[in-house]
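Report on the structure given below.
Hydrogens, waters and symmetry mates are skipped; everything else that's a heavy atom, side chains included, is used.
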Amino acid sequence: MASDKVIGIDLGTTNSCVAIVEDGTPSVIPNRGGYKTTPSMVAIAENGKRLVGHIAKRQAITNAENTVYAAKRLIGRKWGSAAVRSSLEIMPYRIVEGPHDDVRIMLRDQVFSVPEVSAYILQECKLISEEYLGEEVQKAVITVPAYFNDGQRQATKDAGRIAGLDVIRIINEPTAAALAYGFGRNIERKVAVYDLGGGTFDISILEIGNGVFEVISTAGDTFLGGEDFDRRVIDWLVFGFEKQHRIDLRKDKMALQRLKDVAEKAKCELSSVKETEINLPFIISTGRNEALHLQTMLSRDKLEELTSDLIERTIEICARTLEEAEIQKSQIEDVILVGGMTRMPRVQQAVAEFFGLEPCKGVHPDEVVALGAAIQGAALTDEKSEILLLDVTPHSLGIMIVGGYFHKLIEQNSTVPTSKSHIFTTIKDNQTSVKILVLQGESERAEDNELLGEFILNGLRRAKKGEVEIEVSFEISVDGIVSVLARDLETGLQQSITVTATSGLTEDEIRRMVDESKDYAVDLRQSDEFERARQEAEKIIDDIEALFPRVEQAIAGSEFGADAVKKARLVLERARAAITSRDLQAVTDASEALHRTLNMFKGVVTKTRGL
């Protein structure tokens with residue numbers, strides 16, 4: 001039976017987190033290992049088995065080419081984008097061009113879309129929540145960086161669908177954090193949410209009061225986060241090693257993965273200590289039976305020096321956001337830090353210096369976004385909820401006009417839902433049609449912005465240029481769906497389009513992936529059931545084997561006893577065969593026979609004791 005509860009999922013670059021609201025209280029759901037976050041990693045093992053989360057992370061060093069991390073940095077991006085070009089140079093796994101100018105990932109001989117890889121992580125979050133609740137979960141609210149464009153948001157929604165989830169809302173991560181911060185508190189204040197995660201950075205300014213959470217302004221960089229801090233440490237280690245040994249460690253994928261692993265650990269350790277040792281024995285072989293080691297010390301000061309410009313970039317974005325919102329720093333009453341990178345002392349110091357106040361310590365940077373998503377999910381399904389969320393569109397929307405320029409109709413940071421209209425005229429004599437190119441972005445040049453869709457308005461009357469007036473209207477719903485209408489003001493003739501951003505996947509591809517995901521979920525559940533049955537059967541086998549010598553001794557010389565021992569051996573043999581074949585039903589049946597045999601053996605031993 002499916003649950004009517006809505007889970008909140010923070011689909012992170014480095015880690016993901018799932019939360020739920022029960023009896024009015026939001027809480028994070030721990031995974032099987034008891035951890036409250038799950039690594040956003042997917043791998044294909046040598047035997048073809050799919051690995052997700054902690055198990056994928058544990059084998060990443062020895063299986064670097066077939067282990068995906070930071071997929072969120074690629075989701076919804078075009079093949080030719082700068083972010084993809086950068087990833088091609090540094091990722092150990094193979095990134096290839098998809099059939100729709102999208103990005104695909106090759107693991108072993110299989111090609112996966114990025115939403116598909118993200119779906120495996122979401123499916124893991126779904127399974128974690130189902131194990132906790134004891135029933136199927138269908139609905140979810142998933143968070144995305146505030147500065148994600150329509151394509152990236154749609155790709156995330158597609159990932160949820162592939163994972164078997166009905167994504168009832170996509171909300172911005174800083175907004176979700178503010179929801180969790182203000183939940184259950186009777187406060188009225190302006191807050192800044194500084195969100196520096198594993199792969200992205202966002203800053204949002206919100207007004208909170210009487211259950212209303214209104215986003216005033218938001219900005220960010222979808223390719224700035226902890227991964228870039230790790231890369232600075234890796235480059236520093238590589239440069240030092242190359243200077244000493246004249247060998248570039250980046251050319252060895254296993255060495256590169258070991259460097260990434262140790263760089264991330266060192267970065268985390270330096271949040272609590274002033275200096276840490278980096279020690280990688282046998283990092284590479286020279287080919288002359290000589291193994292080289294990497295051993296050095298990294299100080300917090302050095303880390304801050306290596307990453308100072310990255311931190312400065314976040315502060316510049318904060319300054320620009322306040323300026324665009326026409327808000328003074330002194331008006332901000334609280335600063336909420338979100339994302340694992342905000343544990344870095346220098347980041348905390350830079351934020352405190354910029355805003356002139358110490359950041360709030362009352363929220364957990366790794367859990368607050370998922371908690372906020374769960375709160376929003378509960379509010380959407382509860383008619384009595386008094387929470388009202390007013391978000392903004394992170395990018396401007398408009399059309400291309402003569403000269404290849406971009407004319408904005410809906411400005412960045414406009415509260416949604418909203419609508420705007422503008423009147424345009426024909427640019428040629430006797431022009432009978434106009435082509436409307438719908439764009440999203442901030443550049444004055446149309447070609448530098450994201451094309452969301454296009455349509456043609458035909459049947460215009462023949463007239464001199466500038467005489468025919470066409471009204472173009474834009475409308476954005478609360479779900480972020482963009483509708484565009486073009487209308488000839490004289491004749492009333494009109495044409496419209498509902499802009500559906502594409503993730504790079506066709507509807508047929510998504511349906512196929514949904515079906516495969518269902519099959520995998522069934523296989524996974526059966527696999528979990530099999531593991532439990534196997535462990536139980538193997539324990540009984542061990543118990544029987546331990547009693548065998550005493551039973552054989554007790555019934556020695558008895559014809560009946562010899563026959564019973566023979567049957568017991570046969571039961572063990574069949575049980576082991578069932579385990580080897582991974583047949584759940586056969587193991588279940590064998591366990592019943594094992595129980596009967598164990599009870600018989602215990603009875604024989606008990607009777608022997610009484611003689």
Side-chain angles (χ1 to χ4, degrees), residues 8-19 26-31 35-40 70 72 125 142-147 171-183 185 191-206 208 213 218 220-222 224-230 264-273 300 303-304 307 310-311 313-315 317-318 332 334-355 357-376:
I9 301 176
D10 172 12
L11 178 62
T13 306
T14 309
N15 294 294
S16 293
C17 185
V18 58
S27 61
V28 170
I29 303 173
N31 59 28
Y35 301 101
K36 291 193 172 182
T37 60
T38 298
S40 301
K72 184 175 174 179
C125 292
I142 302 175
T143 63
V144 295
Y147 221 54
I171 69 166
N172 295 336
E173 288 162 3
T175 309
L179 274 173
Y181 161 82
F183 182 70
R185 300 171 67 190
V191 301
V193 181
Y194 177 100
D195 183 355
L196 185 58
T200 59
F201 170 70
D202 287 314
I203 175 71
S204 289
I205 311 299
L206 295 95
I208 302 174
F213 295 77
T218 193
D221 186 331
T222 56
L224 172 60
E227 290 284 327
D228 302 290
F229 286 72
D230 295 347
E264 185 183 348
K265 284 177 182 170
K267 176 191 73 180
C268 294
E269 284 173 9
L270 288 171
S271 291
S272 55
V273 297
R300 184 187 291 180
L303 176 64
E304 291 176 358
T307 59
L310 299 176
I311 297 170
R313 268 168 65 188
T314 70
I315 298 302
I317 295 170
C318 290
I332 302 296
D334 234 336
V335 180
I336 305 164
L337 296 182
V338 181
M341 276 311 304
T342 60
R343 286 191 176 89
M344 185 174 174
R346 180 65 193 114
V347 170
Q348 295 177 5
Q349 184 186 349
V351 172
E353 287 172 356
F354 175 76
F355 285 100
L357 74 161
E358 283 298 315
C360 168
K361 303 286 187 183
V363 297
H364 193 297
D366 296 330
E367 300 172 12
V368 66
V369 171
L371 290 168
I375 291 165
Q376 174 68 349

Just so I know, are the side chains of Asp334 and Tyr181 near enough to count as touching, which here means a heavy-atom distance under 4.5 Å? yes
Roughly how far, to the nearest 0.5 Å, is [atom2] of [Y] from [atom1] of [X]?
X: Thr143; Y: Ile9; atom1: OG1; atom2: CD1; answer: 9.0 Å
X: Phe229; Y: Cys268; atom1: CZ; atom2: SG; answer: 12.0 Å
X: Asp221; Y: Leu310; atom1: CG; atom2: CG; answer: 10.0 Å
X: Thr38; Y: Asn15; atom1: OG1; atom2: CG; answer: 8.0 Å
X: Phe201; Y: Leu196; atom1: CZ; atom2: CG; answer: 6.5 Å
X: Thr175; Y: Leu206; atom1: OG1; atom2: CG; answer: 5.5 Å

Closest approach of [X] to [Y] (non-hydrogen atoms, all atoms of both residues):
X: Val369; Y: Ala176; answer: O-CB, 3.5 Å
X: Phe354; Y: Cys318; answer: CE2-CB, 3.7 Å
X: Ala180; Y: Gly372; answer: CB-N, 3.8 Å
X: Thr307; Y: Leu303; answer: OG1-O, 2.8 Å
X: Ala373; Y: Ile171; answer: CA-CD1, 4.2 Å
X: Ile203; Y: Ala192; answer: CD1-CB, 4.2 Å

Taking the six-membered ring for Trp, are Phe355 and Tyr194 closer than 6.0 Å centroid to centroid? no
In residues 335-347, what donor-acceptor pairs under 3.5 Å come from side-chain atoms, sequence neighbours left out?
{"unit_1": "Thr342", "atom_1": "OG1", "unit_2": "Gly339", "atom_2": "O", "d": "2.6"}
{"unit_1": "Arg343", "atom_1": "NH1", "unit_2": "Asp366", "atom_2": "OD1", "d": "3.3"}
{"unit_1": "Arg343", "atom_1": "NH1", "unit_2": "Asp366", "atom_2": "OD2", "d": "2.9"}
{"unit_1": "Arg343", "atom_1": "NH2", "unit_2": "Asp366", "atom_2": "OD2", "d": "2.7"}

Given the rule in the side-chain contact (heavy atoms from CB on, under 4.5 Å) test, do Thr218 and Ile205 qualify, once you have shown the distances and angles that lead to the verdict? CA-CA 6 Å; Thr218 193; Ile205 311 299; over 6 Å; no
Ionic contact status for Lys72 with Glu173, cut-off 4.0 Å: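 Yes, this pair counts.
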Restricting to side-chain hydrogen bond (donor to acceptor under 3.5 Å, both in side chains), what partner residues turn up for [X], sequence neighbours left out?
X: Arg300; result: none
X: Thr13; result: none
X: Glu269; result: Thr276
X: Ser16; result: Ser40

Output all residues satisfying side-chain contact (heavy atoms from CB on, under 4.5 Å) with Phe183, sequence neighbours left out; order by chain, then residue number. Pro26, Ile375, Ile387
Under the side-chain hydrogen bond (donor to acceptor under 3.5 Å, both in side chains) criterion, do Asn172 and Tyr147 qualify, and how do the steps go? CA-CA 8 Å; Asn172 295 336; Tyr147 221 54; over 6 Å; no
Mark yes or no for whether Lys36, through its side chain, and Glu367, through its backbone, hold a donor-acceptor pair below 3.5 Å. no
